[in-house]
Q: 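First the structure, which I've put down as structure tokens, then a few questions once you've had a look.
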Amino acid sequence: MNLTEDPHRRLNPLTNEWVLVSPHRTGRPWQGSVESQAGSAEPRYDPTCYLCPGNSRAGGVRNPHYTGTFVFDNDFPALKPGTPADREDVDGKGLLVAQGEPGTCRVICFDPRHDLTLSTMPVETIEAVVRTWTGQFQELGGRPEINHVQIFENRGAMMGASNPHPHCQVWATASIPEAPTKELQEQRRYLQSRGSCLLCDYLSLEAKQKVRVVAENQGFVALVPYWAVWPFELLIGSKRHAGALPEFSDEELSALSGILKQVTSTFDKVFAVPFPYSMGFHQTPTDKKEHPEWHFHAHFYPPLLRSATVRKFMVGFEMLGTPQRDITPETAAERLRSL
């Protein structure tokens, strides 16, 4: 089997799911949807932006004149803290089942400047954001009803971001969501069967092969995972085994800030436009249990495929069968590494 030419499947050991890789299809013509390119550069301050300092938000609350990061409860949250955690199962058949989901949703503004992004911020500014993420994880994860804290950023209108002001969201939930639940199960299974950490072993293999590694520093490595689904998907993992942000030293938090800067600024070079993505950190569940199997990591899922105006869609066979990609992870990594 030639992995650079032959169709083949690759296993994602974090989820026990497969992706179909079809490298021979990279030359096929494209007559599908073409996205509009990003508009003009954003101003330093936008009087109509509901996240800029001093402006009124959509819910009517006025922002303070903040000078660093700014955290507030989402005005239109997907979760509410007072929701009863009742369970309903119609006729007890396990077919019509509902479960109450209490939780908290917050917004974190990275910086008062409207025109910045992680890719254009100084590393020290990103480090302030990382420390705010750490504090939010500790605060929300310490609540007795919260079992998972998901920090994520949607960048760009293509990824559904409703406001270009640099910001992210934090959703703290009573249950552990589907994606981290799969990763929890597989990391636990690996530890029990092999006596070692899944991601520690995986990152060690990638360090030997090097073909999918994009960037690294003293604390973290960024790579296109062997099982990547999205064209320029990235995984950032800590070199030291740790489960969550509060476990890292000051030096490691600085290293994480640096690699986030390097990765996001590299993305912007791929098609010479602000690169859209969804990004999030997968950290130890906050269910007050020990989780020696869990290894801190972040996922970047960018949708762009062939150019700034052509994106990948999950349709057809990918929705009904298995995710599929044409550009191999090795080819994507080589391009990102060169930039």
Q: Taking the ring centre of each residue, are Trp230 and Tyr277 less than 6.0 Å apart?
A: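 No; Tyr277 has its ring centre 6.0 Å or more from that of Trp230.
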
Q: With the 4.5 Å side-chain cut-off for hydrophobic clustering, are Val123 and Phe220 part of the same group?
A: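 Hydrophobic grouping puts Val123 apart from Phe220.
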
Q: Taking atom CZ of Arg311 and atom CG of Leu305, what is their separation to the nearest 0.5 Å?
A: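 So the gap between those two atoms works out to 10.5 Å.
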
Q: Consider only side-chain heavy atoms of I, L, V, M, F, W and Y, link residues closer than 4.5 Å, and tell whether Phe232 and Leu223 are in one cluster.
A: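 No; Leu223 is not reachable from Phe232 via cluster members.
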
Q: Return the minimal non-hydrogen interatomic distance between Gln262 and Ser265, and the atom names on each side.
A: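 Result for this residue pair: O-OG, 3.2 Å.
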
Q: Nearest heavy-atom pair of Ile146 and Gly103: which atoms, and what distance?
A: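 Between these two residues, the closest heavy atoms are CD1-CA, 4.2 Å.
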
Q: In Å, rounded to the nearest 0.5 Å, how long is the span from CD1 of Ile259 to CD of Gln218?
A: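 With rounding to 0.5 Å, CD1 (Ile259) is 9.0 Å from CD (Gln218).
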
Q: Are Leu235 and Tyr301 grouped together when hydrophobic residues (ILVMFWY) are joined by side-chain heavy atoms under 4.5 angstrom apart?
A: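 As far as the 4.5 Å side-chain criterion goes, Tyr301 and Leu235 are connected within one cluster.
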
Q: Taking the side chain as everything from C-beta on, heavy atoms only, tell me whether Asp46 gets closer than 4.5 Å to Asp115.
A: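 Counting from C-beta outward, Asp46 and Asp115 never come under 4.5 Å.
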
Q: Is the backbone of Gly219 close enough, under 3.5 Å, to the side chain of Arg240 for a donor and an acceptor to pair up by distance?
A: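 Side chain of Arg240 to backbone of Gly219: no pair is present.
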
Q: Just do the side chain to side chain contact (heavy atoms under 4.5 Å, CB included) check on Asn12 and Val19 with the steps written out, would you?
A: CA-CA 8 Å; Asn12 180 347; Val19 55; over 6 Å; no

Q: Would you please say whether a donor-acceptor pair under 3.5 Å links the side chains of Gln150 and Thr173?
A: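 Checked: Gln150/Thr173 side chains show no N/O donor-acceptor pair below 3.5 Å.
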
Q: Going through the checks in order, is the side chain to side chain contact (heavy atoms under 4.5 Å, CB included) test met by Glu101 and Thr83?
A: CA-CA 6 Å; Glu101 183 71 12; Thr83 302; 5.7 Å; no

Q: Can you measure from NZ (Lys288) to CG (Asn147) and round to the nearest 0.5 angstrom?
A: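 Lys288 NZ to Asn147 CG: 5.5 Å, rounded to 0.5 Å.
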
Q: Verify the cluster assignment for Leu245 and Leu260: are they in a single hydrophobic cluster under the rule of side-chain heavy atoms below 4.5 Å apart?
A: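 Same cluster: Leu245 reaches Leu260 through Ile, Leu, Val, Met, Phe, Trp or Tyr contacts under 4.5 Å.
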
Q: Taking the side chain as every heavy atom from C-beta outward, state whether Phe152 and Ser278 have any pair of such atoms under 4.5 Å apart.
A: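 They are not in contact (no side-chain heavy atoms under 4.5 Å apart), so the answer is no.
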
Q: For a quick test of reading the model, state the closest non-hydrogen atom pair linking Met279 to Trp133 and the distance between them.
A: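 For Met279 and Trp133, the tightest heavy-atom pair comes out as CE-CH2, 4.2 Å.
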
Q: Please examine the side chains of Phe72 and Pro64, heavy atoms only from C-beta on, and report whether any two atoms are closer than 4.5 Å.
A: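 The answer is no, as the side chains (C-beta and beyond) never meet within the 4.5 Å cut-off.
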
Q: What I want to find out is whether Lys239 reaches Glu216 closely enough, with some N-O distance under 4.0 Å, to be called a salt bridge.
A: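 Looking at Lys239 and Glu216, the cut-off is met.
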
Q: Between the side chain of His165 and the main-chain N/O of Asn163, is any donor-acceptor distance below 3.5 Å?
A: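 Answer holds: no.
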
Q: Does Ser22 form a side chain to side chain donor-acceptor pair (under 3.5 Å) with Asp326? I'd like the steps, not just the answer.
A: CA-CA 5 Å; Ser22 310; Asp326 298 343; 4.7 Å; no

Q: Please examine the side chains of Pro276 and Pro303, heavy atoms only from C-beta on, and report whether any two atoms are closer than 4.5 Å.
A: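 Yes - at least one pair of side-chain heavy atoms lies under 4.5 Å apart.
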
Q: If you measure from the Lys or Arg side-chain nitrogens to the Asp or Glu carboxylate oxygens, is any gap between Arg189 and Glu186 under 4.0 Å?
A: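 Answer for the salt bridge query: yes.
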
Q: Just one of Lys210, Arg335, Arg10 clears the salt bridge (Lys or Arg N to Asp or Glu O under 4.0 Å) bar with Glu330, so which one?
A: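 Of all the options given, the one that passes is Arg10.
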
Q: Give me the atom names and distance for the closest heavy-atom approach of Trp294 to His241.
A: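 Closest approach of Trp294 to His241: O-CE1, 3.2 Å.
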
Q: Strictly distance-based, threshold 3.5 Å: is any side-chain N or O of Arg62 a donor or acceptor partner for the main-chain N or O of Gly54?
A: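 Yes: the side chain of Arg62 pairs with the backbone of Gly54.
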
Q: Take atom CD in Glu334; do more than 12 heavy atoms of anything else shown fall under 6.0 Å from it?
A: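 Open.
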
Q: So, the side chain of Ser254 versus the backbone of Asp250: is there a donor-acceptor pair under 3.5 Å, distance only?
A: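 It does hold such a pair.
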
Q: Do Leu304 and Phe267 come close enough that some side-chain heavy atom pair is under 4.5 Å?
A: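 Leu304 vs Phe267: side chains apart.
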
Q: Could you tell me whether a side-chain N or O of Asn63 sits under 3.5 Å from a main-chain N or O of Cys52, the two making a donor and an acceptor?
A: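 Side chain of Asn63 to backbone of Cys52, a donor-acceptor pair under 3.5 Å: yes, one is there.
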
Q: Should the pair Glu178-Lys182 be classified as a salt bridge under the 4.0 Å nitrogen-to-oxygen rule?
A: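 So Glu178 does not pair with Lys182 through a salt bridge.
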
Q: Any side-chain heavy atom of Val90 sitting closer than 4.5 Å to one from Lys93?
A: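 Answer no - side chains too far apart.
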
Q: If we ignore hydrogens and angles and just use 3.5 Å, is the side chain of Lys80 paired with the main-chain N or O of Ala78 as donor and acceptor?
A: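 The answer is no, because no donor-acceptor pair under 3.5 Å joins these two groups.
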
Q: With side chain to side chain contact (heavy atoms under 4.5 Å, CB included) as the test, would you mind laying out the steps for Gln169 and Cys105 before giving the verdict?
A: CA-CA 7 Å; Gln169 298 186 55; Cys105 294; 5.6 Å; no

Q: Does the gap between the ring centers of Phe275 and Phe300 come in under 6.0 Å?
A: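 So the answer is no for these two rings.
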
Q: To check you understand the geometry: which heavy-atom pair defines the closest contact between Ile236 and Val263, and what is its length?
A: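 Result for this residue pair: CD1-CG2, 4.2 Å.
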
Q: Show every ring-ring contact (aromatic ring centres under 6.0 Å, His included) that has at least one partner inside residues 180-215, sequence neighbours left out.
A: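 Matches after skipping sequence neighbours: Tyr202-Trp227.
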
Q: With a 4.5 Å cut-off on side-chain heavy atoms, are Leu3 and Met1 touching?
A: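 Contact flag for Met1/Leu3 side chains = yes.
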
Q: Just say parallel, tilted or perpendicular for the rings of His297 and His299, cut-offs at 30° and 60°.
A: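 Perpendicular: the ring planes of His297 and His299 meet at over 60°.
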
Q: More than 12 heavy atoms of other residues, nucleotides or ligands under 6.0 Å from NZ of Lys289: is that the case?
A: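 Atom NZ in Lys289 is not crowded, with 12 or fewer foreign heavy atoms closer than 6.0 Å.
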
Q: May I ask you to decide if the ring planes of Phe296 and Phe281 are parallel, tilted or perpendicular, using 30° and 60° as cut-offs?
A: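 Taking Phe281 first and then Phe296, their aromatic rings lie parallel (interplane angle under 30°).
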
Q: Quick check against the 3.5 Å criterion: does Thr286 have a side-chain atom that pairs as donor or acceptor with the backbone of His148?
A: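 Yes: the side chain of Thr286 pairs with the backbone of His148.
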
Q: With ring-ring contact (aromatic ring centres under 6.0 Å, His included) as the rule and sequence neighbours excluded, what pairs involving residues 316-339 come up?
A: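 Output for this query is empty, none listed.
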
Q: Side chains of Thr264 and Arg155: is there a donor and an acceptor less than 3.5 Å apart?
A: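 No, because no side-chain N or O of Thr264 sits under 3.5 Å from a partner of the opposite role on Arg155.
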
Q: Can you check whether Leu51's main-chain N or O pairs, donor with acceptor, with Asn55's side chain at less than 3.5 Å?
A: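 No: the side chain of Asn55 does not pair with the backbone of Leu51.
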
Q: Run the side chain to side chain contact (heavy atoms under 4.5 Å, CB included) test on His282 and Leu14 for me, step by step, so that the C-alpha distance in whole Å, both residues' side-chain angles and the decisive distance to 0.1 Å come before the verdict.
A: CA-CA 11 Å; His282 276 170; Leu14 273 175; over 6 Å; no

Q: Hey, is Lys312 close enough to Glu233 for a salt bridge, meaning N to O under 4.0 Å?
A: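 So Lys312 does not pair with Glu233 through a salt bridge.
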
Q: Distance from His295 atom NE2 to Thr284 atom OG1, nearest 0.5 Å?
A: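 With rounding to 0.5 Å, NE2 (His295) is 10.5 Å from OG1 (Thr284).
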
Q: For residues Asp111 and Thr125, is any side-chain donor paired with an opposing acceptor at under 3.5 Å?
A: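 No pair is found: no donor N or O on one side chain lies under 3.5 Å from an acceptor on the other.
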
Q: For the hydrophobic clusters of this structure (ILVMFWY residues joined by side-chain heavy atoms under 4.5 Å, transitively), does one cluster hold both Val130 and Leu234?
A: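 As far as the 4.5 Å side-chain criterion goes, Leu234 and Val130 are connected within one cluster.
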
Q: Nearest 0.5 Å, what's the CG-CD distance between Leu256 and Glu251?
A: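 Rounded to the nearest 0.5 Å, the CG-CD separation comes to 13.5 Å.
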
Q: Within the distance-only criterion (no hydrogens, no angle test), does the side chain of Gln187 pair as donor or acceptor with the backbone N or O of Glu183 below 3.5 angstrom?
A: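 Pair found, side chain donor or acceptor close to backbone of Glu183.
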
Q: Mind listing the closest non-hydrogen atom pair of Cys197 and Glu293 along with its distance?
A: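 Minimum heavy-atom separation between Cys197 and Glu293: SG-O, 4.4 Å.
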
Q: Taking the side chain from Arg325 and the backbone from Pro231, do they hold a donor-acceptor pair closer than 3.5 Å?
A: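 At least one qualifying donor-acceptor pair exists.
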
Q: Distance from Glu145 atom CD to Thr104 atom OG1, nearest 0.5 Å?
A: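 Going from the CD atom of Glu145 to the OG1 atom of Thr104 covers 6.5 Å.
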
Q: May I ask you to test the Thr4-Pro23 pair for a side-chain heavy-atom distance under 4.5 Å?
A: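 The answer is no; the side chains never approach within 4.5 Å.
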
